[in-house]
Amino acid sequence: DTEVTQTPKHLVMGMTNKKSLKCEQHMGHRAMYWYKQKAKKPPELMFVYSYEKLSINESVPSRFSPECPNSSLLNLHLHALQPEDSALYLCASSPLPAEAFTEAFFGQGTRLTVV
Amino acid sequence: AQTVTQSQPEMSVQEAETVTLSCTYDTSESDYYLFWYKQPPSRQMILVIRQEAYKQQNATENRFSVNFQKAAKSFSLKISDSQLGDAAMYFCAYKGNQFYFGTGTSLTVIP
């Protein structure tokens with residue numbers, strides 16, 4: 001299994017909703033990442049987990065809450081989002097911890113629309 | 001801080017022809033990696049090619065090759081025999097202590 005799987009592929013949510021994005025990899029990778037990507041822009045790093053511990057939080061608003069229940073799974077919990085949070089959310093993983101990685105594998109992303 | 005610059009927001013190429021995408025970067029680090037990622041409309045970021053800075057030999061993967069000029073801090077991607085499936089956003093990326101993406105180049109392949 002050489003994939004990073006993200007669910008759901010599409011999500012529409014209201015500003016008062018609570019939802020979660022899920023990311024899974026079974027490659028034994030030790031670091032996992034959440035990125036936010038607006039149309040025709042590069043991905044922006046949000047969070048990094050190394051060995052299931054949060055190692056980087058790029059000043060992301062608290063309405064985004066990451067969780068890493070185990071080494072294969074990464075969640076992003078969403079609450080009280082704003083329309084400007086609509087974007088493609090990409091998950092990635094790398095074999096080595098974030099400070100040493102030499103390659104990252106990406107999922108297909110979740111297209112999030114906040115209405 | 002490190003920066004990665006892609007000066008061509010859009011490029012086009014005729015099918016079967018060759019195209020070169022530009023990337024420059026700024027760093028004071030001596031040890032780093034450079035990448036080209038492809039993002040087609042399907043949205044998944046796919047690694048096209050990787051170059052270790054300590055290697056002088058340019059990386060090659062089938063129709064994709066790079067021209068790595070370390071002193072000039074330049075890392076261009078050449079796509080030979082372009083195919084319709086090559087149409088995508090291409091991101092140059094740098095990994096030293098941290099990972100940075102460039103702004104992207106949208107490549108159109110004309111049949």
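Sequence lines set the chain letters: A, B, ... in the order given, protein chains first and strands last, and positions in each chain run from 1.
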I'd like to know if A/L21 and A/L73 are part of one continuous hydrophobic network [Ile/Leu/Val/Met/Phe/Trp/Tyr, side-chain heavy atoms within less than 4.5 Å]. no
So, the part of A/E44 with a heavy atom under 4.5 Å from chain B: the answer is neither
Are any side-chain N or O atoms of A/Q6 and backbone N or O atoms of A/C91, one a donor and one an acceptor, separated by less than 3.5 Å? yes
Check whether the ring centres of B/F35 and B/F75 lie less than 6.0 Å apart, and answer yes or no. no
Please report whether the ring centroid of A/Y35 lies less than 6.0 Å from that of A/F106. yes
Need one label for B/R43: side chain, backbone, both or neither, based on atoms under 4.5 Å from any heavy atom in chain A. both
Interface moiety of A/L45 toward chain B, non-hydrogen atoms closer than 4.5 Å: neither
Part of B/E52 within contact of chain A (heavy atom distance under 4.5 Å): neither
